[in-house]
Amino acid sequence: MTDSKLNYGEKLLYMEGIVVEIDDCSIAVDLKGRLGYFKAPKRMFISDTEPKVGQVFGWNMSFPEQLSDEVNEKYITNIKKHGCKKD
């Protein structure tokens, strides 16, 4: 595994998205600018009121960067075992 030093620095980007789904554990957001879909646990969202579908959230984000070329076999085994993803 390589060290955790990022090659491209820590460029933060401000992102916004509209809440499209809320369940007991998570909130799903469509990113503005047709950049995709984001889903995270409710505990990760900061809000003074109960979040609602249609509200806009904003956050700072960076680009995901691969830290290693190694495959974590434990995750692959769990994915196949629980049928979460298909190759």
Side-chain angles (χ1 to χ4, degrees):
M1 183 165 229
T2 61
D3 61 323
S4 62
K5 181 180 171 188
L6 299 176
N7 293 328
Y8 294 95
E10 295 182 21
K11 182 176 180 177
L12 293 178
L13 302 170
Y14 180 74
M15 304 289 293
E16 287 186 354
I18 300 171
V19 176
V20 294
E21 179 185 341
I22 299 173
D23 62 31
D24 292 338
C25 301
S26 62
I27 297 175
V29 176
D30 273 341
L31 304 177
K32 288 187 176 181
R34 298 187 303 178
L35 294 174
Y37 177 84
F38 176 76
K39 188 171 186 176
K42 274 186 173 179
R43 68 180 179 273
M44 301 299 293
F45 289 79
I46 300 169
S47 179
D48 291 333
T49 61
E50 188 65 27
K52 297 176 184 153
V53 171
Q55 290 179 323
V56 177
F57 275 79
W59 63 93
N60 287 316
M61 189 169 150
S62 185
F63 295 103
E65 184 173 348
Q66 180 180 345
L67 300 178
S68 171
D69 59 352
E70 297 175 22
V71 173
N72 187 320
E73 292 298 333
K74 178 182 173 185
Y75 281 93
I76 300 299
T77 301
N78 285 338
I79 289 169
K80 289 178 180 177
K81 180 177 170 182
H82 297 289
C84 298
K85 303 274 183 189
K86 294 182 180 179
D87 293 305

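Excluded from the calculations below are hydrogen atoms, water molecules and symmetry mates; all remaining heavy atoms, backbone and side chain alike, are included. When a residue number appears, it is its place in the shown sequence, counting from 1.
Taking every heavy atom of both residues into account, Q55 and P51 meet most closely at OE1-CA, 3.2 Å. Heavy atoms only, all atoms of each residue included: S62 and K11 are closest at OG-O, 3.3 Å.
Residues F38 and F57 fail the side-chain proximity criterion, which asks for heavy atoms closer than 4.5 Å. By the 4.5 Å heavy-atom criterion applied to side chains, L13 and F63 are counted as neighbours. Side-chain contact between K42 and I22 is present, with at least one heavy-atom pair separated by less than 4.5 Å.
By the 4.5 Å side-chain criterion applied to Ile, Leu, Val, Met, Phe, Trp and Tyr, V20 is assigned to a cluster that also includes Y37. By the 4.5 Å side-chain criterion applied to Ile, Leu, Val, Met, Phe, Trp and Tyr, I76 is assigned to a cluster that also includes V71.
Using a 4.5 Å cut-off between side-chain heavy atoms of Ile, Leu, Val, Met, Phe, Trp and Tyr, with links allowed through other members, L31 and V19 fall into the same hydrophobic cluster. Linking Ile, Leu, Val, Met, Phe, Trp and Tyr residues whenever their side-chain heavy atoms come within less than 4.5 Å places V29 and M61 in a single cluster.
Taking 4.0 Å as the cut-off between side-chain N and carboxylate O, K80 and E73 do not count as a salt-bridged pair.
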